[in-house]
Engineer: 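Mind looking over this structure? Questions follow.
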Amino acid sequence: MRGNMLERMALAAVAFLVVALGLVPESAHASVIQTASGLSSVKTPVSFKAELTIAGDTLTVTLYNTSTVNSSAPNDILSSYYFDIINSGSVRPALTYGSASGDVWLTDKDAADGLQPPAGANLKAVNAGDDTWAFKTFNAASNPFLGFGLGTVGNNNLTPNNFSGNIVGGFNYSIYAGDITTQNLDDTLLVKGPVTFTFSGVSGFSESDISSQFVFGMGTAPDSLMTPEPATLAFLVLGGVGLLVRRRRGT
């Protein structure tokens with residue numbers, strides 16, 4: 001009896017310490033990781049990543065240029081991203097664009113590129129001439145057959161699923177890698193590091209509703225596209241023991 005009492009007292013003490021130290025585990029949040037790699041239309045090795053997370057009514061999308069060589073042309077930089085969220089009833093959420101932020105650099109082919117203040121600049125394009133990152137809901141029955149897109153260029157070759165030219169235009173604020181040493185990317189405001197976007201309107205949806213199909217666009221027309229092949233789709237569980245599952249799109 002005394003042993004049982006001591007055991008209960010010990011467990012109670014441990015429970016108190018866990019609560020007092022804030023060690024109670026939170027519910028794990030899952031992110032969907034989408035990646036693609038290959039050669040740009042100017043034969044530069046490139047790789048890109050998108051990370052999508054749903055928490056309550058908020059969708060967070062983070063885009064990365066993970067290329068290991070310097071971007072050398074507009075065709076090498078990440079300028080648009082198409083994605084889809086659709087549940088088993090073929091219903092898509094009504095997404096509302098909340099925010100976009102990232103670090104902006106002024107490129108210099110003859111010296112080191114310079115970070116422009118403030119860090120984490122506002123990159124949400126909503127007005128004519130913003131030239132940063134616009135969001136649009138698209139007709140999924142048209143190329144690239146996905147419901148949503150983010151872009152800082154017109155992507156006219158994908159009409160009607162392109163971005164309004166009076167809000168975004170050239171390749172300013174696209175995501176590049178490395179340090180610029182070429183004339184065609186010189187003296188340009190570009191983003192290095194991730195760009196993070198937030199949306200509301202996903203209440204009732206989960207990561208399992210995020211489509212395995214996606215498109216990364218480079219250049220302005222776009223000059224080239226990257227799709228899930230040879231990319232991998234991964235679910236990364238955070239907040240506990242990591243679980244990584246890779247799935248390739250069927251051909």
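Note that this is a predicted model, so its numbers are computed, not measured. Residues take their numbers from the sequence shown, with the count starting at 1.
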Engineer: Of all the heavy-atom pairs spanning Gln34 and Ile210, show the shortest one and how long it is.
Structural biologist: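 So the two residues come closest at NE2-CG2, 4.1 Å.
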Engineer: Check whether Asp209 reaches the backbone of Phe205 with its side chain - one donor and one acceptor, N or O, closer than 3.5 Å.
Structural biologist: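 Here the side-chain-to-backbone pair does not exist.
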Engineer: Please determine which of Asp131, Asp223, Val153 meets the side-chain contact (heavy atoms from CB on, under 4.5 Å) test together with Phe171.
Structural biologist: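 Answer after filtering Asp131, Asp223, Val153: Val153.
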Engineer: Roughly how far apart are Asp179 CG and Asp113 CG, rounded to 0.5 Å?
Structural biologist: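 Rounded to the nearest 0.5 Å, the CG-CG separation comes out at 4.0 Å.
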Engineer: Measure the shortest side-chain to side-chain distance between Phe83 and Leu59 over non-hydrogen atoms and say whether it is less than 4.5 angstrom.
Structural biologist: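 Yes, close enough: below the 4.5 Å cut-off.
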Engineer: For the CG atom of Leu52 and the CD1 atom of Ile33, what is their distance to the nearest 0.5 Å?
Structural biologist: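 The distance works out to 8.0 Å.
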Engineer: Please determine whether residues Val215 and Phe135 belong to a single hydrophobic cluster, defined as Ile, Leu, Val, Met, Phe, Trp and Tyr linked transitively by side-chain heavy-atom distances below 4.5 Å.
Structural biologist: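 No; Phe135 is not reachable from Val215 via cluster members.
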Engineer: Would you confirm whether Asn161, through its side chain, and Asn143, through its main-chain N or O, come within 3.5 Å as a donor-acceptor pair?
Structural biologist: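 The answer is yes, because a donor-acceptor pair under 3.5 Å joins these two groups.
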Engineer: Can a side-chain donor-acceptor contact be found between Ser47 and Thr66 if the only test is distance below 3.5 angstrom?
Structural biologist: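 Yes - a donor-acceptor pair under 3.5 Å links their side chains.
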Engineer: If every non-hydrogen atom of Ser71 is compared with every non-hydrogen atom of Ile180, which pair is closest and at what distance?
Structural biologist: O-CD1, 3.5 Å
Engineer: Between Thr182 and Lys109, is any pair of side-chain heavy atoms under 4.5 Å apart?
Structural biologist: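 No, their side chains stay 4.5 Å or more apart.
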Engineer: In the structure I gave you, are the side-chain heavy atoms of Val46 and Met226 within less than 4.5 Å of one another anywhere?
Structural biologist: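 Heavy-atom side-chain distance check passes, below 4.5 Å.
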Engineer: Would a distance-only check, ignoring hydrogens and angles, find a side-chain to backbone donor-acceptor pair under 3.5 Å from Asn87 to Val91?
Structural biologist: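 Checked: pair present.
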Engineer: What about Val195 and Val32, same hydrophobic cluster or not, with Ile/Leu/Val/Met/Phe/Trp/Tyr joined at side-chain heavy-atom distances under 4.5 Å?
Structural biologist: yes
Engineer: Has Gln116 got a side-chain atom pairing as donor or acceptor with Gly114's backbone, closer than 3.5 angstrom?
Structural biologist: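 Here the side-chain-to-backbone pair exists.
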Engineer: Please say whether the positively charged group of Lys124, taken as NZ for Lys or CZ for Arg, lies over the ring of Tyr97, i.e. under 6.0 angstrom from the six-membered ring centre and within 45 degrees of the axis.
Structural biologist: yes
Engineer: Could you state the interatomic distance from CG (Asn139) to CG (Leu146), rounded to the nearest 0.5 Å?
Structural biologist: 11.0 Å
Engineer: If every non-hydrogen atom of Leu63 is compared with every non-hydrogen atom of Ala50, which pair is closest and at what distance?
Structural biologist: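 Here Leu63 and Ala50 meet closest at CD2-CB, 3.6 Å.
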Engineer: Decide whether Asn75 and Ser40 meet the rule of one side-chain donor and one side-chain acceptor closer than 3.5 Å.
Structural biologist: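 Result is no, nothing qualifies.
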Engineer: Does either side chain, that of Ser164 or that of Asn166, offer a donor lying less than 3.5 Å from an acceptor on the other one?
Structural biologist: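 The answer is yes; a qualifying pair exists.
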Engineer: For Thr107 and Asp186, which I'm curious about, is there any donor-acceptor pair between the side chains at under 3.5 Å?
Structural biologist: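 There is no such pair between these side chains.
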Engineer: Heavy atoms only: give me the nearest Gly154-Val168 pair and the separation to one decimal.
Structural biologist: N-CG2, 4.5 Å
Engineer: Closer than 3.5 angstrom, by distance alone: can the side chain of Asp103 be matched with the main-chain N or O of Lys192 as a donor-acceptor pair?
Structural biologist: no
Engineer: Quick one: does Ser67's side chain get under 4.5 Å of Asp76's, heavy atoms only?
Structural biologist: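 Result no, sub-4.5 Å side-chain heavy-atom pair not found.
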Engineer: Got Asn156 and Leu158 here, is their nearest side-chain heavy-atom distance under 4.5 Å?
Structural biologist: no
Engineer: Please check: side-chain N/O of Asp57 versus main-chain N/O of Ser200, any donor-acceptor pairing under 3.5 Å?
Structural biologist: no
Engineer: Does Ser101 form a side-chain hydrogen bond (donor to acceptor under 3.5 Å, both in side chains) with Thr196? I'd like the steps, not just the answer.
Structural biologist: CA-CA 5 Å; Ser101 62; Thr196 300; 5.1 Å; no
Engineer: Are Leu106 and Val104 connected in the hydrophobic side-chain network, where two residues link if heavy atoms are under 4.5 Å apart?
Structural biologist: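 As far as the 4.5 Å side-chain criterion goes, Val104 and Leu106 are connected within one cluster.
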Engineer: Please check this pair: side chain of Asp84 against backbone of Phe148, looking for a donor-acceptor N/O pair closer than 3.5 Å.
Structural biologist: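 Between the backbone of Phe148 and the side chain of Asp84 there is no qualifying donor-acceptor contact (under 3.5 Å).
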Engineer: Does the side chain of Tyr176 pick up a donor-acceptor pair with the side chain of Asn70 at under 3.5 Å?
Structural biologist: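 Side-chain D/A pair, Tyr176 to Asn70: absent.
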Engineer: Hey, could you give me the CZ/NZ distance between Phe216 and Lys49, rounded to the nearest 0.5 Å?
Structural biologist: 10.0 Å
Engineer: Could you verify whether a donor N or O on one side chain and an acceptor N or O on the other, from Ser79 and Thr152, lie under 3.5 Å apart?
Structural biologist: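 Note: Ser79 and Thr152 side chains miss the donor-acceptor criterion.
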Engineer: Evaluate the criterion side-chain hydrogen bond (donor to acceptor under 3.5 Å, both in side chains) for residue pair Ser31 and Thr53; output intermediate values, then yes/no.
Structural biologist: CA-CA 5 Å; Ser31 294; Thr53 305; 2.6 Å; yes
Engineer: Any side-chain heavy atom of Leu190 sitting closer than 4.5 Å to one from Ile175?
Structural biologist: no
Engineer: I need the minimum non-hydrogen distance between Ser41 and Ser224, along with the two atoms involved.
Structural biologist: N-OG, 3.8 Å
Engineer: Looking only at heavy atoms, which two atoms of Ala100 and Phe197 are closest? And how far apart?
Structural biologist: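 Looks like CB-CD2, 3.5 Å.
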Engineer: Starting at OG1 of Thr35, measure out to CD of Glu51 and round the result to the nearest 0.5 Å.
Structural biologist: 12.0 Å
Engineer: Are Leu39 and Leu78 grouped together when hydrophobic residues (ILVMFWY) are joined by side-chain heavy atoms under 4.5 angstrom apart?
Structural biologist: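 No, Leu39 does not connect to Leu78 through the hydrophobic network.
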Engineer: Give the C-alpha distance, both sets of side-chain angles, the deciding distance and a yes or no for side-chain contact (heavy atoms from CB on, under 4.5 Å) between Thr188 and Asn172.
Structural biologist: CA-CA 6 Å; Thr188 305; Asn172 285 345; 3.1 Å; yes
Engineer: Would you say the side chains of Ser80 and Asn155 form a donor-acceptor pair under 3.5 Å?
Structural biologist: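 Result is yes, a qualifying pair exists.
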Engineer: Measure the OG-CD1 distance between Ser211 and Ile86 for me, rounded to the nearest 0.5 Å.
Structural biologist: 8.0 Å
Engineer: For Tyr82 and Gln213, test the side chains for any donor-to-acceptor distance below 3.5 angstrom and give the result as yes or no.
Structural biologist: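 Tyr82 vs Gln213: no donor-acceptor pair found between side chains.
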Engineer: Leu95 and Leu150: same hydrophobic cluster, using ILVMFWY side-chain contacts below 4.5 Å?
Structural biologist: yes
Engineer: Indicate yes or no: at least one non-hydrogen side-chain atom of Val61 is less than 4.5 angstrom from one of Phe199.
Structural biologist: yes
Engineer: Would you kindly say whether Thr198 and Ser99 are connected by a side-chain donor-acceptor distance under 3.5 Å?
Structural biologist: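 Short answer, yes.
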Engineer: Are the side chains of Asn184 and Pro74 in contact, using a 4.5 Å heavy-atom criterion?
Structural biologist: yes
Engineer: Given the rule in the ring-ring contact (aromatic ring centres under 6.0 Å, His included) test, do Tyr81 and Phe48 qualify, once you have shown the distances and angles that lead to the verdict?
Structural biologist: CA-CA 10 Å; Tyr81 169 65; Phe48 308 111; over 10 Å; no
Engineer: Would the Trp133 and Tyr173 ring centres measure less than 6.0 Å apart?
Structural biologist: no
